[in-house]
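In what follows, a single structure is set out as structure tokens and then discussed.
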Amino acid sequence: MPQEEALIKLFYLAAAVLFILGLKGLSHPRTAVRGNLLASVGMLLAIVATLTDHRIVDFRIIIAGFAVGGLFGAILAYRAPMTAMPQVVAVFNGLGGGASALAVGAAFEEALRGEWIEEITIQFSSSAAAAALVGAIALTGSAVAFAKLQGVMTERPILLPGRHAVNILLLVVCLVLSTWHVIGYTPFLFGAAPSAAADLSRGVLADDLRQGFQSHGLELSAELHVKTTGENQWQITDAGKKETYVVWLEGGELTVHGRSALPFWIMVVIASVLGVLLVIPIGGADMPVVISLLNAYSGIAAAGHGWVLNNSVLIVAGSLVGAAGFILTALMCKAMNRSLANVMFAGVGMTVTTQAQADDIYTGRVKSASPEEVAMLMEGARRVVIAPGYGMAVSQAQYAIQDLAALLESRGVEVEFAIHPVAGRMPGHMNVLLAEANVPYEKLKEMDVINPTFRQTDVVLVIGANDVVNPLAREADPSIPIAGMPILEVDQARSVVIIKRSLAPGFAGIANPLFAADNCLMLFGDAKDMAMRLVAALKET
Ligand code: NAP
């Protein structure tokens, strides 16, 4: 192995180790910043090593790509608010998957033109097919996820008739085209034919070579163009059949290789349609699960791309992203007590509680309170637990809530935060927002830890949470979308105060009997506004 190549491989190895250490660091908030830094250094090493690769010929294109991509990424990262993080991740995933699909396509087209010829193997063509299939699904699926979360299209599931059959059909067509593409690129040996090679150099296809094609089942039309593409290398383009063959002479023997790239690109287009059809039937609030799954897909596409280019760091990084994405998807499904199939295919997100049913539950039972009354209730409490949900993210109430918690603590009240694993709209959503407002990490208690303490809690303040505190989840009725989902058992506390703007349902679309419970008070209004008014009222008491 030449010294330069060995050095590149060493850099790649170091980068892969740094990626793994980085991921390990990200598993805990205390080490997350260091983990992120390690992974970034790994990425820098990988980029530097790749740029020294002799196959990179035009630095102008690379610099242009850096400038355009860097500018787009920086603007997106700076301008996107925290509540829009799932969309931002969707954009990055989608672009990663799309880039892999296009890059393997480009490598393929280069191979068709007779470049990198030594690398066209079954590994090359099958990895290219897999990367392009999964990458294209990730690209358009992520675009739909982005559009749903950004409000560009309806968040509701779009349930087309016969969608499962159509999706299966499209997947089968993609697999058939991929197989065609893989088989079509397996070379065949024509054998010793010095005269045929000489004819090719003169732009002529000798009769015996044409017969050789026929004997391998390849009928050529009359519209043939022969082009010399390198030393002992030719490209035969069959304009009539829109197919291209690469022929090369090695050790006195002719090898014929290749067909049209058409099946590959048709497969990419169909996979792109499939990506859209797979994601439109999924409700907006399930998008984080979908985004995590598409993240895994973009990792697989990158790993496939690595196999096409024989690039070890791309294989390692892609596999890590793929595995992390699948694990996160599984964890989110588990936290919602739903299967991935239910998230992907059940169309959850359609409203299931009618107005009449909601009236039945709420009429005459809901008690509303003012900030002053709630302040008095909390002032007399020994222990207060704050249970945040999606509404806190929407109203950006985390700073006001931290002020409230600090004020209560200064008055000798014990305050903790109850964190449900799927509160909000992305994993760790509440943790990130509360960390942003400097809430000490040890105050955040996971569901399993805090649930046994609710009985000894005087007041639970539910801020913009709904499904994650809904006692209907305890019912075994399968028509309830959250049936069986573990919840924060806030109803067991002495008093529960719920801040939200109305009695509207949360993501699952169902009424919440907690709002009508005897020990429950509603504080109607925007979460941030109400938290600030509570602080003001507490200061006055
Ligand atoms: P939720 O059930 O969606 O309820 C959020 C509540 O916030 C709404 O009922 C809304 O009521 C209120 N709200 C919205 N804006 C508000 C504002 N400005 N001020 C005050 N309240 C506001 O949220 P959740 O309890 O956090 O549950 C999360 C849901 O998302 C679960 O069903 C979970 O399965 C799903 N999900 C989460 C993830 C994840 O990773 N976290 C992933 C997939 C799915 P009003 O309109 O009346 O104010």
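Start at 1 and go down the list; that is how both ligands and their atoms are numbered. Quick caveat, the model's predicted, so the values are computed rather than measured. This chain uses plain numbering: 1 for the first residue, then up along the sequence.
- With a heavy-atom cut-off of 4.0 Å, Arg501 touches ligand 1 through backbone and side chain alike.
- When heavy-atom distances to ligand 1 are checked against a 4.0 Å cut-off, Pro505 comes that close only through its backbone atoms N, CA, C and O.
- Between Glu414 and Arg382 there is no salt bridge, since none of the side-chain N atoms of the basic residue sits less than 4.0 Å from a carboxylate O of the acidic one.
- Nearest protein neighbour of atom 32 (O) of ligand 1, counting heavy atoms only, is Asp467 OD2, 2.7 Å.
- Side-chain contact check for Thr329 and Ser292: at least one donor-acceptor pair (N or O, by modelled atom type) lies under 3.5 Å.
- Between Glu409 and Lys443, at least one side-chain nitrogen of the basic residue sits less than 4.0 Å from a carboxylate oxygen of the acidic one, meeting the salt-bridge criterion.
- Counting heavy atoms under 4.0 Å from ligand 1, residue Met332 touches it through the side chain alone.
- In this structure, Asp518 does not pair ionically with Arg365, as no charged nitrogen and carboxylate oxygen lie closer than 4.0 Å.
- The environment of Met153 atom CE is dense: over 12 non-hydrogen atoms of other residues, nucleotides or ligands sit within 6.0 angstrom.
- Counting heavy atoms only, Ala527 comes closest to atom 19 (N) of ligand 1 of the residues Ala527, Ala531, Ala465.
- Protein heavy atom closest to atom 29 (C) of ligand 1, with residue, atom name and distance, is Arg425 NH1, 3.5 Å.
- In the candidate list Asn466, Ile487, Leu488, Asn466 is nearest to atom 25 (O) of ligand 1, counting heavy atoms.
- For Glu489 and Arg455, the salt-bridge test fails: no basic side-chain N is under 4.0 Å from an acidic carboxylate O.
- Residue contact check: Gly389 has heavy atoms under 4.0 Å from atoms 26 (O) of ligand 1.
- Heavy-atom proximity to Met336, at under 4.0 Å, picks out these atoms of ligand 1: 34 (O), 43 (C), 44 (C).
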